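See structure below.
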There are 2 protein chains.
Amino acid sequence: MPRKVDHQERRTLIADALMRVAAEHGLEAVSLRHVAAEAGVSTGMVQHYFRTKDEMMTFAMGVVRDRSSARVSQAIAALGPDPEPRRLLRTLLVNLLPLGDESRADGRVALAFLAYTAVRPASTPALREDTEQMVGFIASLLPGGDSSAAAGVLALMEGLGMYLLGGQYSDDRALSTLDAHLDRLFGAAAR
Amino acid sequence: MPRKVDHQERRTLIADALMRVAAEHGLEAVSLRHVAAEAGVSTGMVQHYFRTKDEMMTFAMGVVRDRSSARVSQAIAALGPDPEPRRLLRTLLVNLLPLGDESRADGRVALAFLAYTAVRPASTPALREDTEQMVGFIASLLPGGDSSAAAGVLALMEGLGMYLLGGQYSDDRALSTLDAHLDRLFGAAAR
DNA sequence: GTCGTTACATTGCAGGTGCAATGCTACGAC
DNA sequence: GTCGTAGCATTGCACCTGCAATGTAACGAC
C-alpha cells in the first residue's frame with residue numbers, strides 16, 4: 001500500500017473550504033473550482049476525495065452537524081455533574097443558537113443546507129429523528145415532562161436562530177427572549 | 001403608444017413560473033431559460049420584462065411577501081369587527097405558518113429566498129422593520145403588552161414554520177404546540 | 001399611409017460548470 | 001529492483017449560464 005495520507009483529514013479540510021465559500025457567497029457559489037481554490041488545492045484533488053459534487057455536499061453537511069453537536073456536548077460537560085435542569089437546558093439551547101460572528105457563519109451554512117435539502121427530501125428522516133430525540137430530552141428536563149412544551153422550546157430556539165441570522169434580533173434580545181420563555185416554563189421563581 | 005399589455009400582469013406571470021421552479025427544484029435551478037420554459041414563453045420575453053436576473057429575483061420576492069401579507073389580512077378581516085385578542089393573534093400566526101401543501105410550497109420558496117439574501121444583506125433593513133412592526137402589534141394583543149413575550153411568540157411561529165418545512169413537525173403538532181404556548185401567555189383559562 | 005415605439009423572438013458569445021480521462025510521481029510490498 | 005497502486009495535476013469536453021445584439025411584427029399617434 002503506497003503513499004498514505006489521512007483521508008478523513010483531507011476531506012474535512014475540503015469541507016472547511018466549502019463552508020467558508022458557502023458562508024461568504026452562498027451555496028450557489030460552491031463549485032468544484034471555487035472550493036478547490038479556497039482550500040488551496042487543485043480541482044483534481046477535490047475530485048480524488050469526492051467522486052461527485054453531491055458527495056462533497058453531503059459530507060460537508062455531516063461535518064456541520066457533528067461540529068454543532070460536539071459544541072453542545074462539550075458545553076454541557078463543562079457544567080459539571082448533575083446540573084440543575086434549567087441550567088442544563090439553557091446551556092443546550094444557547095449553544096445551538098448562532099450567537100457571535102463565528103457561530104453565525106456556521107448558522108448561515110446550516111441554513112443554506114436546509115434550503116438545499118428542503119427540495120431533496122432524502123435526508124428528511126434523519127432530521128426527523130434528530131428532532132424527536134431532542135424533544136424527548138428536553139421534555140425530560142421540564143417540570144412535568146411536558147412534551148408539548150418541549151416542542152415549543154425547540155421551535156422557539158429555531159425561530160430565534162432564524163432572526164439572529166436575518167439580523168432582526170440582536171444577540172441580547174434573543175437571549176432575553178429565551179430566558180423569559182424559560183421563566184414561564186419553570187415558574188418565574190428561580191432565575 | 002403602441003401595443004399595450006399589462007406589464008404588472010406579465011411580470012407576475014413570470015414570477016409565478018419562477019416560484020414553481022424554485023419550489024420544485026430549488027433556487028439554484030432558477031435560470032432565465034428554465035423560468036421561461038416553465039412560463040411557456042421565450043427567454044427573450046423574460047428579458048424584456050426583467051433586464052437582469054437579479055431584478056427578476058427581487059420582484060419575485062416582493063410577490064411572495066405581498067401574497068403572504070394579503071392572505072393574513074384577508075383572514076383577519078374575516079374575523080369580523082373587534083375580535084378577541086387571542087383569536088386575532090392565533091389567526092395571524094396560523095396564516096403565517098406553512099400549513100397544507102400549497103402554503104408549504106410558498107414556504108419553501110420563502111426559505112430559499114431567505115438563505116439567498118442571508119449572504120446579500122441588502123434587504124436586511126426592510127426585514128428588520130417588518131419584524132419590529134410585528135412585534136409591536138403582537139405585544140398590543142398580549143396581556144400586559146409584554147413585548148418580550150411578543151418577540152417569543154413570533155420566534156416560536158418562525159421555528160414551527162421551519163420544522164413544518166423540514167417535515168419534522170406535522171400540521172397538527174405545530175398547531176397544538178402553538179396553542180399550548182398561547183395558553184401559557186393568556187392564562188390557560190379560555191381556550 | 002408613415003413612423004416611432006413597444007413587444008417580443010432568435011441568435012451568438014464569453015464564461016463557468018461538473019465530470020471523465022489521462023498522465024505523472026512517490027511510496028510500499030515483495 | 002520492480003511493480004502496482006494511491007495521490008494528485010492537467011486537460012478537455014459537453015453543457016449550461018446570463019446577457020447583449022439584432023431582428024421582426026404589431027399597434028397607435030398623426
Side-chain angles (χ1 to χ4, degrees), chain A residues 1-61 109 112-113 115-117 119-120 122, chain B residues 1-61 109 112-113 115-117 119-120 122:
Chain A
M1 237 155 265
R3 198 118 70 119
K4 210 187 142 188
V5 294
D6 188 334
H7 254 229
Q8 200 64 13
E9 184 189 312
R10 294 283 209 221
R11 286 163 75 99
T12 52
L13 179 118
I14 295 173
D16 279 341
L18 187 155
M19 285 165 53
R20 264 174 279 143
V21 173
E24 202 159 346
H25 306 289
L27 252 203
E28 76 278 6
V30 170
S31 75
L32 295 186
R33 286 175 243 269
H34 276 163
V35 171
E38 173 72 32
V41 301
S42 75
T43 71
M45 162 147 168
V46 175
Q47 280 191 92
H48 182 68
Y49 287 102
F50 300 103
R51 272 173 311 184
T52 152
K53 182 187 177 180
D54 214 72
E55 194 181 317
M56 179 176 72
M57 298 286 245
T58 306
F59 181 82
M61 281 191 53
V109 177
F113 274 130
Y116 180 75
T117 53
V119 172
R120 301 162 195 69
Chain B
M1 237 155 262
R3 197 117 69 119
K4 207 187 144 190
V5 294
D6 188 335
H7 254 228
Q8 199 64 12
E9 184 189 311
R10 295 283 209 222
R11 285 163 76 99
T12 51
L13 179 117
I14 295 174
D16 278 342
L18 156 22
M19 286 166 53
R20 263 175 279 145
V21 173
E24 202 158 348
H25 306 288
L27 251 203
E28 76 277 9
V30 170
S31 75
L32 293 186
R33 287 175 243 269
H34 276 161
V35 171
E38 173 72 32
V41 301
S42 76
T43 71
M45 163 147 167
V46 175
Q47 281 192 92
H48 181 68
Y49 287 102
F50 300 104
R51 272 171 311 183
T52 152
K53 182 187 177 179
D54 214 72
E55 194 181 317
M56 178 175 74
M57 299 285 245
T58 306
F59 181 83
M61 281 191 53
V109 177
F113 274 130
Y116 180 76
T117 53
V119 172
R120 302 161 194 70

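These numbers come from a predicted model, not from an experiment. Numbered from 1 within each chain, the chains take letters A, B, ... in sequence-line order.
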When rounded to whole Å, the OH to P distance for the pair Tyr49(B) and dA9(C) reads 9 Å

dist Thr58(B):OG1 -> Tyr116(B):OH (nearest 0.5 Å) comes out at 7.0 Å

Atom CG of Leu13(A) and atom P of dC8(D) are separated, to the nearest Å, by 11 Å

Rounded to whole Å, CE of Met56(A) lies from C1' of dC19(C) at a distance of 12 Å

Here the distance between atom P of dT17(C) and atom CG of Leu18(A), to the nearest Å, is 13 Å

Here the distance between atom C1' of dT6(C) and atom CZ of Arg10(B), to the nearest Å, is 12 Å

Sorted by chain and number, sequence neighbours left out, side chain to side chain contact (heavy atoms under 4.5 Å, CB included) with Ala36(A) holds for Val41(A), Thr43(A), Val46(A)

Out of dG7(D), dA7(C), dC8(C), minimum distance to the side chain of His7(A) belongs to dG7(D)

Residues passing the side chain to side chain contact (heavy atoms under 4.5 Å, CB included) test with Ala17(B), sequence neighbours excluded, are Arg20(B), Val35(B), Glu38(B), Ala39(B)

Checklist entry - Under 4.0 Å between a side-chain N/O of His48(B) and OP1 or OP2 of dA7(C), yes or no? => result yes

Residues passing the side chain to side chain contact (heavy atoms under 4.5 Å, CB included) test with Ser42(A), sequence neighbours excluded, are Met45(A)

Sequence neighbours excluded, the answer for side chain to side chain contact (heavy atoms under 4.5 Å, CB included) partners of Ala60(B) is Ala15(B), Leu18(B), Phe113(B)

Its contact letters, B for base, S for sugar-phosphate only and - for none at protein heavy atoms under 4.0 Å, make nucleotides 13-20 of chain D read ----BBBB

Those residues at least two apart in sequence (or on a different chain) that pass side chain to side chain donor-acceptor pair (under 3.5 Å) with Gln47(A) are none

